[in-house]
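Everything on this sheet refers to the single structure shown next.
Any value given below was found using the heavy atoms of this structure, including those in side chains, with hydrogens, waters and symmetry copies removed. Chain letters run A, B, ... following the sequence lines, proteins first and then strands; every chain starts at 1.
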2 protein chains.
Amino acid sequence: MKYTEKLRNSGLRPTKQRLQICEVLFDTERTFHFTINDLVNKIKKQLNNKISLATVYNTVHAFEKKGYLKQIPINSNQTYFDTNIADHHHFYDLKEEKLIDLENSDVGPINILKKIDGKKIKSVEVLVKLED
Amino acid sequence: MKYTEKLRNSGLRPTKQRLQICEVLFDTERTFHFTINDLVNKIKKQLNNKISLATVYNTVHAFEKKGYLKQIPINSNQTYFDTNIADHHHFYDLKEEKLIDLENSDVGPINILKKIDGKKIKSVEVLVKLED
DNA sequence: TTTATAGTTTATAATGATTCTAAAAAACTG
DNA sequence: CAGTTTTTTAGAATCATTATAAACTATAAA
């Protein structure tokens with residue numbers, strides 16, 4: 001199986017559920033944004049068996065911790081995840097309530113001039129809110 | 001009362017509760033970040049009477065809609081608000097789970113090169129995550 | 001003023017995303 | 001295989017937020 005090694009390498013046992021979730025998340029032409037609820041529905045459609053909700057939560061969090069997924073910082077009642085782990089940004093269409101990728105190359109270089117003692121920058125994320 | 005006009009001007013009746021919440025939020029030397037829970041505690045300490053939780057939620061949302069407050073886009077189980085409504089950004093200290101203001105002048109100019117048809121940019125917000 | 005009414009506050013219930021629990025199942029190690 | 005650890009699972013618990021609907025209040029008109 002294609003994702004067995006990937007999982008083992010990061011110390012996750014390649015269980016049936018994890019491998020199936022990998023398929024749904026990563027066997028795609030394009031990266032995408034999703035909520036847990038979106039993912040549960042995708043799993044229902046694409047796979048015949050069902051995976052427990054708790055497992056979906058566990059797996060998504062495990063994958064996020066291992067760097068296979070990123071959380072998107074946005075205010076919503078649900079948490080949004082992104083299968084695009086490359087350094088990039090987002091538009092948020094306020095009316096449609098939809099996220100759109102904004103590539104690094106579509107944003108001029110961002111230079112953070114202020115430094116915080118004893119801390120280093122882990123990421124710089126831009127959220128561009130859109131209205132009509 | 002100092003905030004009566006402000007409220008009237010934006011179509012909000014200057015009720016006792018709203019005026020008191022204004023005091024807690026805006027009678028301060030510095031702007032600050034808060035959750036609803038933080039605000040409820042602040043109200044308990046600074047005022048002698050109590051304001052219903054539902055009213056605190058209603059008021060904060062009303063104030064946000066009128067532009068007296070801004071939500072901070074960040075992933076947390078609670079919603080963070082900011083009394084600093086000037087265009088600015090944030091550091092987020094992952095370890096301490098604390099927000100720090102990042103002034104516009106401390107970030108180089110941000111140029112969004114990608115355009116979305118029929119949409120215009122309402123805001124550009126940068127979140128800089130910090131680690132040790 | 002009084003009165004009418006539209007807007008507000010309130011306690012409480014409802015909602016809904018997420019996390020917890022603890023027992024059963026599966027994966028791994030030797 | 002046998003023993004151990006990890007994972008899955010259904011269901012319960014948690015907790016921020018929103019809804020409800022009755023009591024209250026600000027406001028404007030008479």
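Using a 4.0 Å cut-off on heavy atoms, none of the residues of residues 77-85 of chain A approach DNA chain D. For the contact set between residues 52-60 of chain A and DNA chain D, defined by any heavy atom under 4.0 Å, the members are A:S52, A:A54, A:T55, A:N58.
When DNA chain D is scanned in the 5' to 3' direction for atoms under 4.0 Å from non-hydrogen atoms of chain B, the outermost contacting nucleotides are D:dA16 to D:dT27.
Comparing B:L12 and A:L12 by the nucleotide of DNA chain C whose heavy atom lies nearest to each, the residue mapping closer to the 5' end is B:L12. Checking B:T35 against A:K50, the closest nucleotide of DNA chain D that is more toward the 5' end is the one next to A:K50.
No donor-acceptor distance shorter than 3.5 angstrom exists from the side chain of A:T55 to the backbone of A:I51, with no hydrogens or angles considered. Under the 3.5 Å distance criterion, the side-chain polar atoms of B:R18 are matched with a main-chain donor or acceptor of B:R13. Between the side chain of B:N84 and the backbone N or O of B:A86 there is at least one donor-acceptor pair closer than 3.5 Å. When atom types are taken as modelled, the side chain of B:K122 and the backbone of A:L94 share no donor-acceptor pair closer than 3.5 angstrom.
In this structure, A:K42 forms a cation-pi arrangement with A:F32, its terminal cationic atom sitting closer than 6.0 Å to the ring centre and no more than 45° off the ring axis. By the 6.0 Å and 45° rule, A:K6 stacks over the aromatic ring of A:Y68. For the pair A:K98 and A:F91, the cation-pi test (distance below 6.0 Å, angle within 45°) is failed.
Under the 4.5 Å side-chain criterion, counting only non-hydrogen atoms from C-beta, B:I121 is in contact with A:L130. When side chains are defined from C-beta on, B:I21 does not count as touching B:E23, because their heavy atoms never get closer than 4.5 Å. When side chains are defined from C-beta on, B:F81 does not count as touching B:T35, because their heavy atoms never get closer than 4.5 Å.
Within the helix from C:dT1-D:dA30 to C:dG30-D:dC1, the inter-axis angle between the opening and closing five-pair segments is 30°, rounded to 10°.
Residue B:K66 contributes atom NZ, which lies 12 Å from atom P of C:dG7 at whole-angstrom precision. Taking atom CD of residue B:Q20 and atom P of nucleotide C:dT8, one finds them 16 Å apart after rounding to whole Å. If you take CD of B:Q17 and C1' of C:dT9, they are 6 Å apart, rounded to a whole angstrom.
Between the side chains of A:N58 and A:Q17, no donor N or O sits under 3.5 Å from an acceptor N or O.
In the displayed structure, B:K115 atom NZ is contacted under 6.0 Å by more than 12 heavy atoms of other residues, nucleotides or ligands. Annotation: A:K65, atom NZ; neighbour count of heavy atoms from other residues, nucleotides and ligands within 6.0 Å does not exceed 12.
Within the structure, every side-chain polar atom (N or O) of A:H61 is placed at least 4.0 Å from both OP1 and OP2 of C:dT18.
Ionic pairing of B:D93 and B:K129 is not present here: no N-O contact between side-chain nitrogen and carboxylate oxygen is shorter than 4.0 angstrom. Electrostatic pairing of A:D132 and A:K95 counts as a salt bridge here, judged by a charged N lying under 4.0 Å from a carboxylate O.
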For nucleotides 24-27 of chain C, print each protein N/O atom paired with a nucleotide N/O atom at under 3.5 Å, atom names and distance only.
residue: C:dA27; atom: N3; partner: A:R13; partner atom: NH1; Å: 3.3

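With sequence neighbours excluded, the residues satisfying ring pair (Phe, Tyr, Trp, His ring centres under 6.0 Å) with B:H90 are B:H33, B:H88.
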